Protein chains: 2
Amino acid sequence: MNFFDENPITSADKCFIQLRNDIVKGSIEAGSKLSEPELSNKLGVSRAVIRESLNRLEACHLVESKANVGARVVALTAQGLIELYQVRESLEGMAARLAAVNMSDEEIEALHKLLSSHFETVKSDETYYQEAGDVDFHYRIIIGCKNNHLITILIDGIYHLIRMYRVQLGMSGPRVTTAFDEHKNILQAISNRDPDLAEMLMRRHIVYTRKSLKNKLIV
Amino acid sequence: MNFFDENPITSADKCFIQLRNDIVKGSIEAGSKLSEPELSNKLGVSRAVIRESLNRLEACHLVESKANVGARVVALTAQGLIELYQVRESLEGMAARLAAVNMSDEEIEALHKLLSSHFETVKSDETYYQEAGDVDFHYRIIIGCKNNHLITILIDGIYHLIRMYRVQLGMSGPRVTTAFDEHKNILQAISNRDPDLAEMLMRRHIVYTRKSLKNKLIV
DNA sequence: AACTCACATATTGTCGACAATATACTCTAT
DNA sequence: ATAGAGTATATTGTCGACAATATGTGAGTT
């Protein structure tokens with residue numbers, strides 16, 4: 001029997017992750033066409049592998065494809081950003097609600113420590129917080145909700161699209177410290193096992209973020 | 001130039017729809033293995049087409065697959081049902097909220113008429129309402145929210161899984177008339193352009209439904 | 001009898017080729 | 001010169017075959 005049950009990573013997995021990173025990062029630019037033969041050459045795999053990767057990318061809303069025409073990277077639009085954040089508000093609000101009930105005391109304790117360490121970093125370096133810290137905080141609450149459907153939809157489904165908007169529109173700025181306080185309050189509600197308040201605060205937090213993004217989107 | 005821009009349906013599309021129906025209906029039973037060669041023979045298409053269909057079914061959470069092992073139809077569990085309905089509560093609540101703002105007066109008027117016709121049917125035949133009427137009501141509100149992300153996640157993503165639970169666990173019974181009243185109240189809130197109330201009523205409606213399902217699930 | 005290891009079988013992963021469809025181009029007619 | 005039709009090219013959709021991995025079977029050992 002194998003002790004190390006390491007899950008095997010297929011070519012399609014690697015291609016999918018590679019392409020996903022390139023798209024989020026912008027190396028493959030938003031709205032551009034994804035030619036199967038071209039990618040096949042570039043990545044050194046067969047078209048079958050590329051096609052499977054593209055299907056998965058479509059499932060997480062990073063590409064759109066039409067039959068007999070092909071796949072394109074999604075376009076980043078103001079409307080799309082708003083719609084995405086409305087979905088996020090809804091789902092992460094529910095995640096916070098469930099986390100207030102389902103997170104273990106250990107997880108909550110660990111999250112307190114994470115926020116403390118963020119506080120130290122915030123004072124010295126603003127950028128770190130926005131790029132990794134915020135993501136990490138939300139990530140832990142999503143995991144803490146213990147609802148596998150919700151986790152899948154958020155992490156596999158829309159998380160990377162959110163990252164794509166953040167990376168390519170360059171999120172950072174004056175919201176850093178206020179966002180930090182909002183995180184603190186959300187965690188407090190979860191610590192108090194108050195689902196209603198946790199959901200409300202998370203939704204407000206996301207609405208605020210959306211509004212601040214909207215301002216910057218004079219693209 | 002073609003006048004009728006009918007979108008071409010590929011073999012993979014047809015297979016996907018066929019398999020989806022069979023899974024929802026239970027012809028392919030929950031939890032069973034989906035063998036690629038077997039399906040390939042049965043449906044008379046190549047494995048490539050089957051594989052693409054299976055990938056799409058995985059994207060709507062109707063099958064789960066492991067690398068080098070294969071795909072299985074999802075199992076229907078009490079826990080899964082609860083998780084699914086929590087997601088539904090969150091997303092359809094948001095849909096109702098947005099519908100209160102974004103639905104056109106014409107759409108609202110049409111929905112009033114739909115409910116009236118349901119009322120007639122409810123009095124004579126209970127089953128119709130639960131199977132088609134309820135679905136149709138929710139469907140129209142989802143479309144009415146005008147948020148394409150939300151629409152995609154609900155319709156393409158989890159709608160059919162909900163149907164699968166409903167069909168295979170046999171939903172019907174004493175909730176018919178109370179559910180009808182709840183629909184009426186939700187629509188009233190939307191008519192009044194009251195997003196907060198619309199969301200709250202929709203969420204309650206779904207929570208009630210979940211609880212009544214949970215009672216029947218002594219499976 | 002139960003366990004382990006090796007082998008045989010079946011299934012999934014990947015590939016290259018052909019068919020069907022869409023796109024780009026050229027040539028003609030107005 | 002422009003619009004349209006027809007052809008040429010390229011891309012996507014589908015297929016069958018081979019390679020890699022997992023599953024099932026049976027012999028051999030304790």
Side-chain angles (χ1 to χ4, degrees), chain A residues 1-20 22-23 28-59 61-75 156, chain B residues 1-20 22-23 28-59 61-75 156:
Chain A
M1 187 230 287
N2 275 344
F3 255 37
F4 298 95
D5 201 17
E6 67 221 31
N7 54 346
I9 296 187
T10 74
S11 293
D13 287 327
K14 282 187 280 191
C15 271
F16 167 64
I17 293 173
Q18 167 83 41
L19 289 174
R20 191 179 63 186
D22 289 349
I23 289 172
I28 301 175
E29 63 184 340
S32 63
K33 177 119 200 323
L34 292 165
S35 157
E36 293 180 6
E38 191 183 319
L39 291 174
S40 179
N41 282 333
K42 203 165 142 190
L43 301 182
V45 293
S46 78
R47 269 184 59 221
V49 172
I50 297 294
R51 282 174 70 83
E52 178 166 342
S53 303
L54 292 179
N55 280 330
R56 290 202 230 168
L57 289 168
E58 191 178 5
H61 308 279
L62 289 174
V63 320
E64 293 166 343
S65 55
K66 269 186 261 183
N68 292 315
V69 174
R72 307 193 77 91
V73 180
V74 293
D156 297 345
Chain B
M1 187 230 287
N2 276 344
F3 256 38
F4 299 93
D5 201 17
E6 67 221 31
N7 53 347
I9 296 187
T10 73
S11 293
D13 287 327
K14 282 186 279 191
C15 272
F16 167 64
I17 293 173
Q18 167 85 41
L19 289 173
R20 191 179 62 186
D22 289 350
I23 289 172
I28 301 176
E29 63 183 341
S32 64
K33 177 118 201 325
L34 292 165
S35 158
E36 293 179 7
E38 192 183 320
L39 292 173
S40 179
N41 281 333
K42 201 165 144 191
L43 300 183
V45 294
S46 78
R47 270 184 57 222
V49 172
I50 297 294
R51 283 175 68 83
E52 179 167 342
S53 302
L54 292 179
N55 280 331
R56 289 204 231 167
L57 289 168
E58 191 177 6
H61 308 280
L62 288 175
V63 318
E64 293 166 343
S65 55
K66 269 186 262 184
N68 291 315
V69 174
R72 307 193 78 90
V73 180
V74 293
D156 297 344

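First the proteins, then the strands, lettered A, B, ... as listed; each starts at 1. Keep in mind it's a predicted model, so treat the numbers as computed, not measured.
Within the 4.0 Å cut-off from OP1 or OP2 of dT23(C), not a single side-chain nitrogen or oxygen of Lys66(A) is found. The side chain of Arg51(B) places an N or O atom within less than 4.0 Å of a non-bridging phosphate oxygen (OP1 or OP2) of dG13(C). Contact between the side-chain N/O atoms of Ser46(A) and the OP1/OP2 oxygens of dT14(C) is not found at any separation under 4.0 Å. Under 4.0 angstrom from either OP1 or OP2 of dT14(C) there lies at least one side-chain N or O belonging to Ser11(A).
Nucleic acid contact class of Leu34(B) (heavy atoms, under 4.0 Å, all strands): sugar-phosphate only.
Closest-nucleotide positions on DNA chain C for Asp13(A) and Asn68(A) were compared, and the one nearer the 5' end corresponds to Asp13(A).
Rounded to whole Å, atom P of dG13(D) lies 15 Å from atom CD of Glu52(A). Between Phe16(B) atom CZ and dG13(D) atom C1' the separation is 17 Å, expressed in whole Å. Taking atom NZ on Lys33(B) and atom C1' on dG24(D), their separation rounds to 14 Å, with Å as the unit. Rounded to whole Å, atom P of dT11(C) lies 14 Å from atom CG of Leu54(B). For the pair Ile9(B) CD1 and dT14(D) C1', the interatomic distance rounds to 17 Å; values are reported in whole Å. Between Leu43(A) atom CG and dC15(C) atom P there is a gap of 11 Å when expressed in whole angstrom units. Rounded to an integer number of Å, the gap from Glu64(A) CD to dT12(D) C1' is 18 Å. Remark: P of dT11(C) and CZ of Arg72(B) are 13 Å apart, rounded to the nearest angstrom.
Candidate nucleotides dT11(D), dT14(D), dC15(C) were compared by shortest atom distance to the side chain of Val49(A), and dC15(C) ranks first. Side chain of Val69(B), nearest nucleotide from dT12(D), dA17(D), dT23(D): dT23(D). The listed nucleotides are dT12(D), dT14(C), dT12(C); the one nearest the side chain of Pro37(A) is dT12(D). Considering only the side chain of Arg47(A), dT12(D) comes nearest among dT14(C), dT12(D), dT11(C). The Glu36(A) side chain lies nearest to dT12(D) when the options are dG13(C), dC15(D), dT12(D). Listed nucleotides: dA17(D), dC15(C), dA22(D). Nearest to the side chain of Ala48(A): dC15(C).
Side chain of Ser40(A) to backbone of Val45(A): a donor-acceptor contact under 3.5 angstrom is found. Although no hydrogens or angles enter the test, the distance criterion places no donor-acceptor pair under 3.5 Å between the side chain of Asn55(A) and the main chain of Glu52(A). A side-chain donor-acceptor contact under 3.5 Å links Arg72(B) to the backbone of Gly31(B). Using a distance-only test at 3.5 Å, with no hydrogens or angles considered, a donor-acceptor pair links the side chain of Ser53(B) to the main chain of Val49(B).
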Q) Given the rule in the side chain to side chain contact (heavy atoms under 4.5 Å, CB included) test, do Val74(A) and His61(A) qualify, once you have shown the distances and angles that lead to the verdict? A) CA-CA 7 Å; Val74(A) 293; His61(A) 308 279; 5.6 Å; no
